[in-house]
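The structure under discussion appears below in the form of structure tokens.
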Amino acid sequence: MSPRTVFITGSNRGIGLGLVRELLKDKEIETLIAGARNIDAAKDLQDLAKSDSRLHLISVDVSCDESLQKALKEIEGLVDDRGLNLLINNAAICPPYRTIDPPNRAVVLECLNVNAVGALVTAQLFLPLLRKAAAHTPGSTFSASKAAILNVGSDSGFA
Ligand SMILES: NC(=O)c1ccc[n+]([C@@H]2O[C@H](COP(=O)([O-])OP(=O)(O)OC[C@H]3O[C@@H](n4cnc5c(N)ncnc54)[C@H](OP(=O)(O)O)[C@@H]3O)[C@@H](O)[C@H]2O)c1
């Protein structure tokens, strides 16, 4: 069974945009919410949303609590009683950084802030919506059709 409601961060390009395209092929998904830092510039997402009313675009910066809170409010309205079945923490940065280069604490901290803390805080904020979705699905089996958080990451991304 597929999730009914999905939210994915950092979905205006790269793997996130690819995931949006793939998820839209699943007709059992009722509401797909694509997050991007700059919705106005997200032309590919806008084109997809024009041809599929299940796709909703919201502005979100995972390094900003205020932005996350605003996104949460919007998403609560979109999913309503269904809650959120699947949160995909995809947003990340990976600036060039090599151990042999001069140290740059600011770059490392920004990576940790976006890639690790951003995913953690997003998961914490959306937990009530995930719990709401889980309550609709009987049984104890773990699955994205019940409620799940998918963290996309890599060693070099610190997450
Ligand atoms: N590509 C790879 O080879 C690879 C390998 C292993 C793991 N991964 C993981 O896969 C995921 C996606 O990677 P990708 O290659 O698709 O990266 P990408 O092309 O650089 O895309 C990153 C996405 O994250 C968004 N983003 C960056 N900072 C953000 C923030 N503070 N708040 C919200 N969104 C933010 C970007 O938005 P903007 O357009 O606004 O910058 C963009 O949409 C990442 O988690 C990465 O660690 C990638």
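Both ligands and their constituent atoms are indexed starting at 1 by order of listing. Just so it is clear, the structure is predicted and the values come from calculations on it, not from any experiment.
- Residue Ile93 touches ligand 1 through its side chain alone, judged by heavy-atom distances below 4.0 Å.
- The atoms of ligand 1 that sit less than 4.0 Å from any heavy atom of Gly14 are 16 (O), 19 (O).
- Short contacts between ligand 1 and Asn12, defined as distances under 4.0 Å to a heavy atom of the residue, involve ligand atoms 37 (O), 38 (P), 39 (O), 42 (C), 43 (O).
- Note on Leu86 and Ile15: same hydrophobic cluster, where clusters join Ile, Leu, Val, Met, Phe, Trp and Tyr whose side-chain heavy atoms are under 4.5 Å apart, directly or indirectly.
- At least one N/O-N/O distance between Asp61 and ligand 1 falls below 3.5 Å.
- Inspection of the Ser143 and Ser145 side chains reveals an N or O donor paired with an N or O acceptor under 3.5 Å.
- Considering backbone and side-chain N/O atoms, Val152 comes within less than 3.5 Å of an N/O atom of ligand 1.
- Ion pairing between Lys70 and Glu74 holds under the 4.0 Å rule for side-chain N and carboxylate O.
- Inspection of the Thr31 and Arg82 side chains reveals an N or O donor paired with an N or O acceptor under 3.5 Å.
- Residue Val62 forms a side chain to side chain contact (heavy atoms under 4.5 Å, CB included) with just one option from Asn89, Thr122, Asn90, and that option is Thr122.
- Among Ala92, Gly10, Cys64, the residue whose heavy atom sits closest to atom 27 (C) of ligand 1 is Ala92.
- Proximity of a side-chain donor or acceptor of Asn85 to a complementary backbone N or O of Ala147 within less than 3.5 Å is not detected.
- The closest approach between Asn38 and ligand 1 stays at or above 4.0 Å for every heavy atom of the residue.
- Between Arg54 and Glu30 there is no salt bridge, since no side-chain nitrogen of the basic residue lies less than 4.0 Å from a carboxylate oxygen of the acidic one.
- Contact between Cys94 and ligand 1 is absent, with no heavy atom of the residue lying under 4.0 Å from the ligand.
- Using modelled atom types, one finds no donor on one side chain facing an acceptor on the other under 3.5 Å when comparing Ser63 with Asn113.
- The option from Val60, Thr9, Leu19 that lies nearest to atom 33 (C) of ligand 1, judged by heavy atoms, is Val60.
- Across Arg13, Arg37, Glu110, heavy-atom proximity to atom 28 (N) of ligand 1 is greatest for Arg37.
- Among the atoms of Ile15, some N or O lies under 3.5 angstrom from an N or O of ligand 1.
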